[in-house]
Amino acid sequence: MTIFTAIHLLFCGAATAVKAGQRIADVLRQGQVGAMVDLRGWVRSKREGKTHAFLDLNDGSGLAGIQVVLTRPDFDGQLLALTVGTAVAIAGELVASQGKEQTVEVQAQAVTVIGPADAETYPLQKKRHSFEFLRTIAHLRARTNTFGAVLRVRNACAQAIHQFFQERGFLWVHTPIISTSDCEGAGEMFAVTTLDPRKAAAPASQPDFFGKPAFLTVSGQLEAEALALALSNVYTFGPTFRAENSNTARHLAEFWMVEPEMAFCDLQGDADLAEAFLKYVFTQVLHRCAEDMAFFQSRIDPNVLANAEKIIHESFARIAYTEAIELLHRSGRSFQYPVEWGLDLQSEHERFLAEEHFGKPVIVMDYPAQIKAFYMRLNDDCPPERQTVRAMDVLAPGIGEIIGGSQREERLDVLTSRMQACGLDPEVYWWYLDLRRFGSVPHAGFGLGFDRLVQFITGMGNIRDVIPFPRTPLNAEF
RNA sequence: UCCUCGGUAGCUCAGUGGUAGAGCGGUCGGCUGUUAACCGAUUGGUCGUAGGUUCGAAUCCUACCCGGGGAGCCA
């Protein structure tokens with residue numbers, strides 16, 4: 001069946017099925033007892049009694065479904081078909097509930113099965129399922145309480161991010177998904193080609209689509225810098241791809257990243273923005289998704305609300321890398337990995353700082369140049385053996401690095417020699433260097449893993465459970 | 001990629017050399033304005049895959065596949 005045929009059937013063949021009904025969340029919030037309601041949704045559970053049967057109906061508009069009361073024997077002929085997962089339309093009257101778990105319910109007058117679901121083979125039960133199992137049925141897991149809540153919070157996060165930047169005059173810019181600079185320094189990339197990989201090695205005479213190797217982007221930062229040096233304040237928000245063989249609860253091969261970039265801005269301004277940003281997003285999500293957040297608090301992680309309050313109300317700790325090293329030394333703790341100036345902080349060190357020592361987000365700044373990217377601005381007045389760059393990482397309790405940013409090197413000569421020291425060919429980056437030749441200004445920005453942010457807010461333990469259809473090594477079924 | 005734990009009914013798991021089990025789910029019946037409903041009966045298996053050891057393997061050995069947790073890389 002073509003899509004056109006399907007749409008045609010939807011609108012012409014089953015008009016009653018697509019007539020706009022009311023959203024359950026609206027009815028629960030604003031419905032007047034005695035009003036007639038017209039609801040569409042999926043049956044979450046059915047309980048049958050001698051005189052009445054009860055349905056929990058959910059349409060995704062909120063965590064809570066609405067209870068539908070079916071008086072027997074009026075609906076006896078339909079009860080068998082109203083299994084878990086069935087799509088139904090319910091017409092009836094909103095009445096005060098005699099039950100204890102809800103204030104209102106729908107006294108059904110007409111029930112229409114729109115799409116049946118075979119109880120023998122429908123994979124979702126009324127009982128709780130493990131997240132591991134639900135990942136194998138990602139096309140159905142949005143119908144569960146947890147994933148409905150995750151997706152509503154994810155939506156609220158995205159909306160809050162746009163609102164935050166838009167209120168501050170940042171332009172949302174669209175940087176390319178396909179990139180031909182294969183050495184942005186962020187690890188393995190996915191190749192993009194029109195050459196048939198099933199054929200033997202392509203003849204050298206056959207050019208690929210772009211005439212040079214192309215890849216899926218690992219970051220929109222370099223392009224965002226170009227746009228910031230014209231528009232002052234910009235941000236990207238889009239998909240990002242890393243082909244690393246990472247198998248952890250914090251990594252995806254395809255994820256969403258937010259990258260603000262500000263002209264006329266230094267590292268302090270960058271850190272200030274990162275902190276204000278997180279406070280804003282948490283405030284918005286707590287306000288807009290109170291019910292879902294209460295669910296995460298009670299069913300997923302009993303610390304999510306306390307953590308959110310800390311983000312919103314406490315100022316983030318700020319510490320220089322060099323101080324952090326000294327602090328780790330003084331802690332008296334024995335770590336598995338060495339703590340030494342010039343070595344990167346390991347997960348265990350970051351966790352100690354964010355979770356134990358400070359108990360709130362920490363911004364670590366001014367890292368050694370040797371462990372950071374070429375584009376980060378060299379600090380002045382450093383002893384040569386202790387050269388640092390204006391980098392900052394925001395470390396969040398339970399998540400680790402959620403934001404990584406820096407002030408960018410705006411001086412042409414310094415940037416060129418840094419690239420050469422890092423083994424990069426300045427010729428390849430000619431346009432990036434042009435930005436320093438013409439009207440260069442101090443500028444800064446950061447990258448935020450959107451999915452990690454959702455993970456952080458919801459308390460979900462695995463990043464694969466905060467994105468609808470996760471892509472990870474050996475997993476792209478849906 | 002490394003370390004580690006695991007893969008047995010639709011789901012969650014027990015079974016560690018001798019006839020494959022429980023709870024939940026599904027189905028049928030009963031009961032009840034129910035709400036993780038309850039009570040009874042019933043249904044349900046290529047024990048991840050392929051080899052090997054053994055009279056006999058879910059169980060022991062080898063290889064591989066897949067999943068969880070941790071680490072590295074990072075966002």
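Convention: sequence-line order gives letters A, B, ...; per-chain numbering from 1.
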Sugar-phosphate, base or nothing in reach of Phe133(A), heavy atoms under 4.0 Å: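 Contact class for Phe133(A): sugar-phosphate only.
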
Check whether any side-chain nitrogen or oxygen of [X] sits under 4.0 Å from OP1 or OP2 of [N], and answer yes or no.
X	N	value
Gln67(A)	rU34(B)	no
Ser97(A)	rG33(B)	no
Asn462(A)	rG69(B)	yes
Lys50(A)	rC31(B)	yes
Arg250(A)	rA71(B)	yes
Ser45(A)	rU35(B)	no
Arg44(A)	rU35(B)	no
Arg351(A)	rA71(B)	yes
Arg135(A)	rG68(B)	yes

Quiz item: Gln98(A) side-chain donor-acceptor pair to rG33(B) base, under 3.5 Å: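 Answer yes: a donor N or O sits under 3.5 Å from an acceptor.
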
Who pairs with [N] - Watson-Crick or G-U, where each distance is under 3.5 Å:
N	value
rG56(B)	none
rG69(B)	rC3(B)
rA63(B)	rU49(B)
rA41(B)	rU27(B)
rG33(B)	none

rG25(B) and rA9(B), which share atom name C1', separated by this distance in whole Å: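 Their C1' atoms lie roughly 11 Å apart.
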
What's the closest nucleotide to the [X] side chain, out of [options]?
X	options	answer
Arg464(A)	rG68(B), rU34(B), rG72(B)	rG68(B)
Thr51(A)	rG68(B), rG25(B), rG33(B)	rG33(B)
Ala249(A)	rU1(B), rU27(B), rG70(B)	rG70(B)
Glu120(A)	rU1(B), rU34(B), rU27(B)	rU27(B)
Gln102(A)	rG68(B), rG72(B), rU35(B)	rU35(B)

Phe241(A)/Phe215(A) aromatic ring centres below 6.0 Å: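 Phe241(A) vs Phe215(A): aromatic centres not under 6.0 Å.
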
Within the 6.0 Å centroid threshold, strictly below: Phe170(A) and Phe164(A):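 Phe170(A) vs Phe164(A): aromatic centres not under 6.0 Å.
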
Parallel, tilted or perpendicular, as decided by the 30° and 60° cut-offs, for the rings of Phe237(A) and Trp256(A):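 Rings of Trp256(A) and Phe237(A): perpendicular, over 60°.
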
Mutual orientation of the aromatic rings belonging to His357(A) and Phe352(A) [parallel < 30°, tilted 30-60°, perpendicular > 60°]: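 Aromatic pair His357(A)/Phe352(A) classed tilted.
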
Between rU34(B) (C1') and Lys126(A) (NZ): distance, integer Å: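 Interatomic distance, NZ of Lys126(A) to C1' of rU34(B): 10 Å.
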
Length of the line joining Gln346(A):CD and rC74(B):P, which is rounded to integer Å: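 Going from CD in Gln346(A) over to P in rC74(B) covers 10 Å.
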
Point-to-point distance, once rounded to the nearest 0.5 Å, from CG of Asp393(A) to CD of Glu401(A):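 If I round to the nearest 0.5 Å, the distance is 4.0 Å.
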
